[in-house]
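These notes concern the structure reproduced below.
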Amino acid sequence: MALDHAILVSLLEKPGSGYELARRFDRSIGYFWTATHQQIYRVLGRMEGNGLLASREVPQQGRPDKKEYSVAGPGRAALAEWLHEPIEPESLRHDLAVKIRGAAFDDPAALIHEVERHHRAHSDRLARYLAGERRDFTGPDAPAPLDPGQELQHVVLRGGIAFERMTIAWLDDVLATLHRLGATPPTATA
């Protein structure tokens with residue numbers, strides 16, 4: 001998936017400025033796709049130049065006018081075409097897993113702090129996802145019933161929640177293993 005497709009989906013859900021789009025990436029699209037604000041602005045300009053997006057100036061009181069983007073007809077067509085194309089199942093590239101395997105040739109306990117740092121990061125992300133779920137889908141202010149777009153947003157968020165829970169459980173297992181092996185000398189190499 002290209003950043004272009006994530007931008008098309010987000011702008012079809014709700015037109016917005018580059019700043020608003022970047023905040024959405026930080027808040028919700030980040031469940032499955034990350035991009036810097038600079039990347040988003042660069043791609044918005046290119047997509048508008050290619051006719052995939054339209055923009056309009058929106059006056060703001062006390063601030064400069066903002067440019068609000070929406071998906072143009074060719075952008076909708078490009079997304080529809082992409083939605084019908086097969087994609088390869090993703091494979092996970094995981095630097096930490098390689099480090100853990102490599103710990104057999106050094107001191108396994110030396111990785112404990114790094115694994116704990118990853119554990120905290122995934123725990124924090126899970127907490128953000130759960131808070132977003134309560135805010136947008138399951139809490140007292142959530143719309144009921146959810147429309148199809150909201151249902152699909154929620155199922156993606158549930159996937160992010162399941163992934164973070166799985167990762168935290170795996171990191172708990174890694175930490176227990178590292179602590180157990182910490183008392184064992186590293187494997188001798190020839």
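Residues: numbered from 1 along the sequence shown.
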Any side-chain heavy-atom pair from [X] and [Y] closer than 4.5 angstrom?
{"X": "I161", "Y": "L130", "answer": "yes"}
{"X": "L53", "Y": "S70", "answer": "no"}
{"X": "L171", "Y": "L96", "answer": "yes"}
{"X": "K67", "Y": "V58", "answer": "no"}
{"X": "D141", "Y": "D136", "answer": "no"}

| message | So that I know where these two stand, are W170 and H118 an aromatic pair - ring centroids less than 6.0 Å apart? | response | no
Going from [atom1] on [X] to [atom2] on [Y], what distance comes out if it is rounded to the nearest 0.5 angstrom?
{"X": "M47", "Y": "L11", "atom1": "CE", "atom2": "CG", "result": "7.5 Å"}
{"X": "H37", "Y": "L21", "atom1": "NE2", "atom2": "CG", "result": "9.5 Å"}
{"X": "Q153", "Y": "D147", "atom1": "CD", "atom2": "CG", "result": "7.5 Å"}
{"X": "I100", "Y": "L178", "atom1": "CD1", "atom2": "CG", "result": "6.5 Å"}
{"X": "H122", "Y": "M166", "atom1": "NE2", "atom2": "CE", "result": "9.0 Å"}

| query | Under 3.5 Å, side chain of R24 to main-chain N/O of S10, donor-acceptor pair present? | reply | yes
| field | Under 3.5 Å: donor-acceptor pair, side chain of Q60, backbone of P64 | value | yes
| task | Give the cluster check for Y69 versus Y41: same hydrophobic cluster or not, with ILVMFWY residues linked at side-chain heavy-atom distances below 4.5 Å. | result | no
| salt bridge (Lys or Arg N to Asp or Glu O under 4.0 Å): pairs with one or both residues in residues 2-23, sequence neighbours excluded | D4-R46, E20-K66
Closest contact, heavy atoms only, [X] versus [Y]:
{"X": "L79", "Y": "H5", "result": "CD1-O, 4.3 Å"}
{"X": "A78", "Y": "L52", "result": "CB-CD2, 4.2 Å"}
{"X": "E151", "Y": "L146", "result": "OE2-CB, 3.7 Å"}
{"X": "A35", "Y": "L3", "result": "CB-CD1, 3.7 Å"}
{"X": "I40", "Y": "G18", "result": "CG2-O, 4.3 Å"}
{"X": "L175", "Y": "E116", "result": "CD2-CG, 3.8 Å"}

| query | Partners of K99 by side chain to side chain contact (heavy atoms under 4.5 Å, CB included), sequence neighbours excluded? | reply | L111
| message | The criterion is side chain to side chain contact (heavy atoms under 4.5 Å, CB included); which residues satisfy it with E85, sequence neighbours excluded? | response | E81, W82
| request: Using only heavy-atom distances, determine whether the side chains of S55 and E48 contain a donor-acceptor pair under 3.5 Å. | output: yes
| Do H154 and R158 have side-chain atoms, one donor and one acceptor, less than 3.5 Å apart? | yes
| said: Heavy-atom count check: over 12 atoms from other residues, nucleotides or ligands less than 6.0 Å from E57 CD? | reply: yes
